[in-house]
Amino acid sequence: GKKSLRQRAVDELKYYYHGFHLLWTDTKVAARMVWRLLHGQVLTRRERRRLLRTCADLFRLVPFLVFVIVPFMEFLLPVFLKLFPQMLPSTFETESKKEEKLKKKLNARLELAKFLRETIAEMAKRNKADTG
């Protein structure tokens, strides 16, 4: 059924709470990684990617906070998200958006694999013709 206005508002507040909580947790972990870097330890590839993602999320948080703080500005958020889809920090993404990104990435990889397979087959035909 349709949710009441109060329930939708509560759901939005929970969404923002969970997003900020996840961002805070990521920030604490990133601070520990920076501490390790400053003391000469080497980060793994996964840790490096997480650190970069968290730093990018913190920079994306500034314009996002304007929408949260200014009254009635949140009504313009969907418009700005349509214009700038990467504006939200990654902790505020929904599962459907994550799945959509993964599908796009998979389709791009499949297209690249198809192109490479066709290129290799064409090169094999040319080499066969040259040697034959």
Side-chain angles (χ1 to χ4, degrees):
K2 197 171 184 178
K3 293 182 180 181
S4 67
L5 181 62
R6 182 177 183 273
Q7 185 60 39
R8 286 187 291 186
V10 168
D11 289 343
E12 280 294 311
L13 287 175
K14 284 181 183 178
Y15 174 74
Y16 289 125
Y17 171 77
H18 290 298
F20 279 116
H21 184 72
L22 285 173
L23 186 62
W24 173 249
T25 304
D26 282 350
T27 304
K28 288 192 307 187
V29 171
R32 285 189 213 123
M33 286 185 226
V34 169
W35 181 260
R36 285 178 37 206
L37 274 174
L38 291 174
H39 285 81
Q41 292 183 0
V42 179
L43 296 179
T44 63
R45 184 172 156 224
R46 177 184 286 175
E47 290 172 334
R48 205 172 324 117
R49 282 192 324 214
R50 186 170 186 175
L51 179 64
L52 289 174
R53 187 190 74 222
T54 304
C55 290
D57 285 348
L58 289 174
F59 285 118
R60 289 180 190 150
L61 185 65
V62 175
F64 179 67
L65 280 177
V66 172
F67 289 97
V68 174
I69 294 172
V70 175
F72 301 108
M73 187 88 168
E74 62 269 5
F75 295 120
L76 293 176
L77 187 60
V79 174
F80 278 89
L81 287 177
K82 202 65 162 172
L83 295 173
F84 308 105
Q86 298 295 323
M87 188 177 85
L88 279 180
S90 64
T91 56
F92 289 90
E93 289 182 349
T94 59
E95 288 298 319
S96 61
K97 289 285 186 186
K98 287 179 185 178
E99 287 177 12
E100 187 178 313
K101 277 186 181 179
L102 284 175
K103 285 179 184 177
K104 285 182 180 179
K105 192 183 282 188
L106 180 62
N107 284 337
R109 286 182 180 174
L110 288 173
E111 288 295 321
L112 180 63
K114 182 180 175 184
F115 171 75
L116 290 174
R117 189 174 349 128
E118 290 172 355
T119 304
I120 290 173
E122 186 66 32
M123 288 174 62
K125 285 180 185 177
R126 285 184 192 167
N127 286 340
K128 203 176 223 183
D130 290 345
T131 59

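All of these numbers come straight from a predicted model, not from anything done at the bench.
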Which side-chain N or O atoms in residues 44-51 pair as donor and acceptor under 3.5 Å with protein atoms at least two apart or in another chain?
{"from": "T44", "atom 1": "OG1", "to": "E47", "atom 2": "N", "distance (Å)": "3.3"}
{"from": "T44", "atom 1": "OG1", "to": "E47", "atom 2": "OE1", "distance (Å)": "3.4"}
{"from": "E47", "atom 1": "OE1", "to": "R36", "atom 2": "NH2", "distance (Å)": "3.2"}
{"from": "E47", "atom 1": "OE1", "to": "T44", "atom 2": "N", "distance (Å)": "3.0"}
{"from": "E47", "atom 1": "OE2", "to": "R36", "atom 2": "NH1", "distance (Å)": "3.0"}
{"from": "R50", "atom 1": "NH2", "to": "D26", "atom 2": "OD1", "distance (Å)": "2.9"}

If every non-hydrogen atom of S90 is compared with every non-hydrogen atom of K98, which pair is closest and at what distance?
O-CE, 4.5 Å
With sequence neighbours excluded, give me every salt bridge (Lys or Arg N to Asp or Glu O under 4.0 Å) pair touching residues 57-70.
D57-R60
Please state whether the rings of H39 and W35 are parallel, tilted or perpendicular, taking 30° and 60° as the class boundaries.
tilted
Could you list the donor-acceptor pairs under 3.5 angstrom formed by side chains in residues 99-124, with sequence neighbours left out?
{"from": "K101", "atom 1": "NZ", "to": "E93", "atom 2": "OE2", "distance (Å)": "2.6"}
{"from": "N107", "atom 1": "ND2", "to": "K103", "atom 2": "O", "distance (Å)": "3.4"}
{"from": "T119", "atom 1": "OG1", "to": "F115", "atom 2": "O", "distance (Å)": "2.8"}

Taking the side chain as everything from C-beta on, heavy atoms only, tell me whether V29 gets closer than 4.5 Å to T54.
no
Considering residues at least two apart in sequence or located in another chain, which fulfil the ring-ring contact (aromatic ring centres under 6.0 Å, His included) criterion with F67?
F80
In the single-linkage hydrophobic clustering (I, L, V, M, F, W, Y; side-chain heavy atoms under 4.5 Å), do [X] and [Y] co-cluster?
X: L81; Y: I69; answer: yes
X: L43; Y: V34; answer: yes
X: W24; Y: L65; answer: no

Which pairs would a plain distance check flag for residues 8-21, meaning a side-chain donor or acceptor within less than 3.5 Å of a matching protein atom at least two apart in sequence or in another chain?
{"from": "D11", "atom 1": "OD1", "to": "Q7", "atom 2": "NE2", "distance (Å)": "3.1"}
{"from": "D11", "atom 1": "OD2", "to": "K3", "atom 2": "NZ", "distance (Å)": "2.8"}
{"from": "Y15", "atom 1": "OH", "to": "F92", "atom 2": "O", "distance (Å)": "2.1"}

Sorted by chain and residue number, the side-chain contact (heavy atoms from CB on, under 4.5 Å) partners of V70 (sequence neighbours excluded) come out as V66, M73
